[in-house]
Amino acid sequence: MGGSIIKRDEDDIRYLNDIRTLLMRLKGDLTFIIVTGGGRTARDYIHLGRDLGADETTLDSMGIAATRLNSWLIISLLGEGCYPAPFHSIEEALNGAAGFRFVVGGGTHPGHTTDAVSAMIAERWKADLFINLTAVNGAYTSDPNVDENAKKIDEMSSSGLISLVSSTEKKAGSHSVMDPTAAEVIHRARIRTAILDGRDLGSLADCIEERPFDGTRILPE
Ligand code: UTP
């Protein structure tokens, strides 16, 4: 869950309540490991820290702290069926998922984003599906917020995804539809992946329940 969809300062309470309703109505045999991004809070701290001269690893640590703040929001939302604190490692997430229906956490180590954490968890957990909930309704040929000729991609191969995100800068707070490390993990581990607008809960339900959905499907190859 991208941080920018959890806390957008626009209908946040309604959105969070709606996502709880959706998760609670889904079949009880599904287990979710939810990885929260840091959104604007992460970026604000990273920019301020960079202006103060902090090194990139320190800035990453600020970003990780912001991702965990958002984890606490989702943990509060999910209540009893949820592991009671944000996981701090991939192993803790997997252990939590053995006993709880929901496990929530954010970043783990400096040097990547929560997309990479999610992909590595999906690899180790042999997850059925990795869903990347972001602020746009899928991957585009270029950034649709900047380029009016950007075209939505409904389906692409995992190597196509690697090429699409290969030019992403390796810096704290840098942003693309998928972190390049995550794209590499998706490719090598052949993880079924979907990218969709996290605020579109109809599409999210369609995706989880295996119906056609508005978003991008990444096909393992
Ligand atoms: P995010 O995962 O939130 O970045 O991590 P994002 O994907 O760009 O943002 P949203 O939430 O989808 O809008 C924020 C920052 O925290 C650090 C990185 O600097 C990253 O850019 N971070 C995060 C790490 O260093 N390690 C992690 O495991 C996670």
Side-chain angles (χ1 to χ4, degrees), residues 1-10 12 15-16 19 33-74 85-94 103-125 130-140 143-146 161 164-186 193-200 204 215-216 218:
M1 292 182 83
S4 51
I5 60 154
I6 296 171
K7 189 174 173 305
R8 179 177 287 180
D9 296 334
E10 190 188 296
D12 292 344
Y15 169 70
L16 291 169
I19 201 157
I33 299 182
I34 300 174
V35 186
T36 56
R40 203 168 65 203
T41 309
R43 278 194 295 279
D44 284 350
Y45 274 80
I46 288 169
H47 290 157
L48 256 179
R50 189 173 281 131
D51 288 347
L52 290 172
D55 59 77
E56 291 300 313
T57 302
T58 301
L59 297 174
D60 280 341
S61 299
M62 293 184 195
I64 292 170
T67 66
R68 289 183 183 154
L69 257 185
N70 279 332
S71 299
W72 280 112
L73 273 183
I74 303 302
F87 63 76
H88 282 214
S89 69
I90 293 171
E91 289 74 19
E92 188 183 357
L94 301 183
V103 182
V104 187
T108 53
H109 303 91
H112 50 236
T113 74
T114 48
D115 294 346
V117 175
S118 312
M120 288 186 276
I121 288 176
E123 180 179 34
R124 287 215 51 198
W125 199 34
F130 165 23
I131 306 176
N132 186 347
L133 299 183
T134 183
V136 279
N137 66 339
Y140 280 72
D143 184 349
N145 295 314
V146 182
L161 179 67
L164 185 73
V165 300
S166 60
S167 59
T168 312
E169 259 191 314
K170 269 274 182 196
K171 274 170 84 174
S174 86
H175 192 72
S176 66
V177 68
M178 184 76 80
D179 172 329
T181 306
E184 294 282 354
V185 176
I186 288 167
T193 301
I195 302 172
L196 50 103
D197 178 352
R199 287 255 165 163
D200 180 354
L204 176 58
T216 300
I218 313 295

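For ligands, and for the atoms within them, numbers begin at 1 and follow the listed sequence.
- Close approach of ligand 1 to V117 (heavy-atom distance below 4.0 Å) involves ligand atoms 28 (O).
- For ligand 1, the atoms closer than 4.0 angstrom to any heavy atom of G111 are 25 (O).
- Counting the atoms of ligand 1 from 1 in the order shown, those under 4.0 Å from a heavy atom of G37 are 3 (O), 11 (O).
- Between D60 and ligand 1, at least one pair of N/O atoms sits closer than 3.5 Å.
- Looking at S61 next to ligand 1, no N or O pair under 3.5 Å apart turns up.
- Of all atoms in ligand 1, listed by their number and element, those nearer than 4.0 Å to a heavy atom of G107 are 27 (C), 28 (O), 29 (C).
- Distances from atom 4 (O) of ligand 1 to the heavy atoms of T181, N70, T113 show the closest one on T113.
- No donor-acceptor pair closer than 3.5 Å links the side chain of D44 to the backbone N or O of T41.
- A donor-acceptor contact closer than 3.5 angstrom is absent between the side chains of T36 and N70.
- Near H109, the atoms of ligand 1 lying under 4.0 angstrom from a non-hydrogen atom of the residue are 24 (C), 25 (O), 26 (N), 27 (C), 28 (O).
- For G39, a nitrogen or oxygen atom sits less than 3.5 Å from a nitrogen or oxygen atom of ligand 1, counting backbone and side chain alike.
- Polar contact check, T108 against ligand 1: a nitrogen or oxygen pair lies under 3.5 Å apart.
- At a threshold of 4.5 Å between non-hydrogen side-chain atoms, the residues I19 and L204 count as touching.
- The side chain to side chain contact (heavy atoms under 4.5 Å, CB included) search around S176 returns V165, T168, not counting sequence neighbours.
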>> side chain to side chain contact (heavy atoms under 4.5 Å, CB included) for D12 and I6? Distances and angles first, verdict last.
In response: CA-CA 7 Å; D12 292 344; I6 296 171; over 6 Å; no
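- Of the protein's heavy atoms, T67 CG2, 4.0 Å lies nearest to atom 5 (O) of ligand 1.
- Taking every heavy atom of G2 and a limit of under 4.0 angstrom, the matching atoms of ligand 1 come to 11 (O), 12 (O).
- Close contacts between ligand 1 and G38 involve ligand atoms 1 (P), 3 (O), 11 (O) [criterion: under 4.0 Å to a heavy atom].
- Scanning all protein heavy atoms for the shortest distance to atom 6 (P) of ligand 1 gives H175 ND1, 3.6 Å.
- The shortest heavy-atom distance from R43 to ligand 1 is under 4.0 Å.
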> Given the rule in the side chain to side chain contact (heavy atoms under 4.5 Å, CB included) test, do M178 and T193 qualify, once you have shown the distances and angles that lead to the verdict?
Replying inline: CA-CA 11 Å; M178 184 76 80; T193 301; 4.0 Å; yes
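- Atoms of ligand 1 lying under 4.0 Å from any heavy atom of P110, numbered from 1 in the order shown and given with element: 25 (O).
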>> Working note: F87 + V117, criterion side chain to side chain contact (heavy atoms under 4.5 Å, CB included); need CA distance, chi angles, decisive distance, verdict.
In response: CA-CA 11 Å; F87 63 76; V117 175; 4.3 Å; yes
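- Side-chain N or O atoms of T114 include none that pairs as donor or acceptor with a backbone N or O of V35 at under 3.5 Å.
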